[in-house]
A.B. asks: 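If you scroll down you'll find the structure; I have some questions about it.
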Amino acid sequence: MTTRSATAAIAALLAGCGTDSPGETVVVAAGQATLLGASAAGVYWTTPGTPGTRVLGSSLEALPGDAQELAMATGPVVYADGHVVLAQTGVILRARLGAPLARVVSTNAEALGEIPGEPPRLVWTLADKLSWGTSEAERTVTLVRTTRVDHVRATARRIYAAVDGTSERRLVYLDLADGLVNNLTASSTFASAFPSAPDGATYQGRIVGADDDGAYWLVEQSPSRRAVLVALPARGEPTVVLPTIQQASGFFVTAEAFYWQEGDTLLTAPRAGGSASIAAELDGTAGAIADGFVYYATPGGAIERLAL
């Protein structure tokens with residue numbers, strides 16, 4: 001394991017001036033919103049519902065837009081390339097602004113994802129089973145030493161899964177060409193990247209970005225909530241690319257840069273390496289970065305965006 005370019009909140013405060021420009025209102029009354037994702041056409045989010053979770057969206061053709069309720073979910077909900085997929089009891093659905101709610105697969109699911117393509121192929125998990133297909137299971141594999149899958153990220157060639165076992169969370173990937181599952185790492189592998197760790201500290205990883213070459217694994221330490229970002233190539237050695245992240249409430253990977261929120265500050269660092277800088281000051285919680293904007297939910301129940 002190697003380490004490059006120390007980027008921390010302290011470095012960010014020194015490295016860039018950022019912006020505190022007021023945001024543009026996207027949706028006025030979004031409720032207690034948790035953002036799912038955004039594109040040039042629309043933004044999607046959830047709010048608490050009874051029972052389950054309300055899934056909503058709004059067009060970006062004219063701002064501010066109107067909230068449109070798309071579905072009610074009783075299981076996971078994820079954003080996927082301009083739409084969302086969601087689970088209800090016994091069925092997985094695809095929801096999109098301007099289109100009817102569509103059934104994809106009749107099954108239960110604990111984690112969801114989507115393989116890009118035309119048509120896209122759904123990915124779903126239940127306990128230690130990982131399945132994928134367009135309208136039914138094309139194939140199902142069993143993930144060893146797994147009690148459940150917390151979340152997945154899929155690319156055209158691979159499915160990355162954060163799997164929980166009896167002791168800790170691991171990152172694995174499935175190669176769609178041969179259907180074989182490969183272990184990449186475990187969360188505790190990077191405990192040495194946290195100096196002065198308290199006794200009894202624990203570590204948990206989550207996938208924050210993935211492509212056909214590998215994944216980005218954000219490892220958070222508890223109870224401090226410090227974190228490091230690890231680049232994990234499908235073939236090769238892992239690299240700690242951001243070694244000092246402080247209590248990130250959101251983390252985003254774009255083609256050119258990393259973005260993460262610490263308190264009210266959105267920080268950024270280039271994927272090619274270099275110091276962190278302030279990208280923006282936000283009156284809310286960032287939930288998506290798309291087409292040069294950061295989208296965030298404000299405490300007052302609105303969704304706003306700010307150009308980066």
Side-chain angles (χ1 to χ4, degrees), residues 1-24 35 37-38 153 162 171 185 187 189-197 201 203-211 213-233 236-298 304-308:
M1 181 174 67
T2 58
T3 303
R4 68 170 169 86
S5 69
T7 52
I10 294 175
L13 294 173
L14 298 174
C17 60
T19 178
D20 56 2
S21 301
E24 179 181 27
L35 283 165
R153 290 284 188 102
L171 175 61
T185 192
S187 299
T189 300
F190 304 97
S192 60
F194 296 84
S196 305
Y203 302 88
Q204 187 109 293
R206 59 186 168 105
I207 309 165
V208 293
D211 56 30
D213 296 323
Y216 288 102
W217 183 239
L218 187 72
V219 181
E220 296 172 297
Q221 182 194 70
S222 293
S224 71
R225 289 200 58 219
R226 292 185 296 167
V228 299
L229 180 68
V230 183
L232 285 158
E237 289 296 315
T239 302
V240 176
V241 292
L242 293 174
T244 45
I245 299 168
Q246 303 294 331
Q247 300 186 358
S249 58
F251 201 100
F252 313 93
V253 180
T254 70
E256 296 81 23
F258 305 115
Y259 293 90
W260 68 101
Q261 187 173 0
E262 296 183 9
D264 295 333
T265 303
L266 183 71
L267 304 173
T268 185
R271 283 181 61 167
S275 297
S277 60
I278 297 175
E281 297 291 342
L282 303 179
D283 179 26
T285 302
I289 290 179
D291 299 298
F293 291 94
V294 54
Y295 291 79
Y296 56 97
T298 72
E304 297 185 0
R305 71 180 185 181
L306 192 65
L308 296 171

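These values consider heavy atoms only, across backbone and side chains, with no hydrogens, waters or symmetry-generated copies. Remember, predicted model here, so these are calculated numbers, not experimental data.
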A.B. asks: Heavy atoms only: give me the nearest F252-A286 pair and the separation to one decimal.
C.D. replies: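 Where F252 meets A286 most closely, the heavy atoms are CZ-O, 3.7 Å.
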A.B. asks: Taking all atoms of both residues into account, what is the closest heavy-atom pair of E24 and F293, and its distance?
C.D. replies: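 Taking every non-hydrogen atom into account, OE1-CE2, 4.4 Å.
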A.B. asks: Just how far is it from atom CD of E220 to atom CZ of R225, taken to the nearest 0.5 Å?
C.D. replies: 6.0 Å
A.B. asks: Which distance, rounded to the nearest 0.5 Å, do you find between the CH2 of W217 and the CD1 of I207?
C.D. replies: 6.0 Å
A.B. asks: So, for G205 and S187, which heavy atoms are closest and what is the spacing to 0.1 Å?
C.D. replies: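 Taking G205 first and S187 second, the nearest heavy atoms are N-OG, 3.0 Å.
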A.B. asks: Do F190 and P238 have side chains that get closer than 4.5 Å, going by heavy atoms?
C.D. replies: yes
A.B. asks: Quick check for you: to the nearest 0.5 Å, what is the distance between D291 atom CG and T254 atom OG1?
C.D. replies: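 So the CG of D291 and the OG1 of T254 are separated by 11.5 Å.
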A.B. asks: Going through the distances and angles, do R226 and Q246 end up as a side chain to side chain contact (heavy atoms under 4.5 Å, CB included)?
C.D. replies: CA-CA 5 Å; R226 292 185 296 167; Q246 303 294 331; 3.6 Å; yes
A.B. asks: In the structure I gave you, are the side-chain heavy atoms of T185 and V230 within less than 4.5 Å of one another anywhere?
C.D. replies: no
A.B. asks: Identify the two heavy atoms, one from A290 and one from A38, that lie closest to each other, and give their separation to 0.1 Å.
C.D. replies: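 Smallest heavy-atom distance, with atoms named: CB-O, 3.3 Å.
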A.B. asks: Under the side chain to side chain contact (heavy atoms under 4.5 Å, CB included) test, which residues partner A201, sequence neighbours left out?
C.D. replies: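 Residues passing side chain to side chain contact (heavy atoms under 4.5 Å, CB included) with A201: P198, Y203, Q221.
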A.B. asks: Please name all residues satisfying side-chain hydrogen bond (donor to acceptor under 3.5 Å, both in side chains) with R153, sequence neighbours left out, ordered by chain then number.
C.D. replies: none
A.B. asks: Nearest 0.5 Å, please: how far is CD in Q261 from OG1 in T285?
C.D. replies: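 Result: 5.5 Å between the selected atoms.
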A.B. asks: Can you find a heavy atom in the side chain of L308 that is under 4.5 Å from one in the side chain of T268?
C.D. replies: no
A.B. asks: Decide yes or no for D264 and L282: does some side-chain heavy atom of the first lie under 4.5 Å from some side-chain heavy atom of the second?
C.D. replies: no
A.B. asks: Show your reasoning for whether side chain to side chain contact (heavy atoms under 4.5 Å, CB included) applies to L229 and V240.
C.D. replies: CA-CA 6 Å; L229 180 68; V240 176; over 6 Å; no
A.B. asks: Report the distance from atom CH2 of W260 to atom CG of L242, rounding to the nearest 0.5 Å.
C.D. replies: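 Answer rounded to 0.5 Å: 4.5 Å.
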A.B. asks: Minimum heavy-atom separation for P233 to G236, with atom names?
C.D. replies: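 Taking P233 first and G236 second, the nearest heavy atoms are CG-C, 3.8 Å.
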A.B. asks: What are the two closest heavy atoms between A269 and G274, and how far apart are they?
C.D. replies: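 For A269 versus G274, the nearest heavy atoms are CB-O, 4.4 Å.
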A.B. asks: Please report the interatomic distance CG(L306) to CG(L266), rounded to the nearest 0.5 Å.
C.D. replies: 9.0 Å
A.B. asks: ring-ring contact (aromatic ring centres under 6.0 Å, His included) for F258 and Y216? Distances and angles first, verdict last.
C.D. replies: CA-CA 10 Å; F258 305 115; Y216 288 102; 5.1 Å; yes
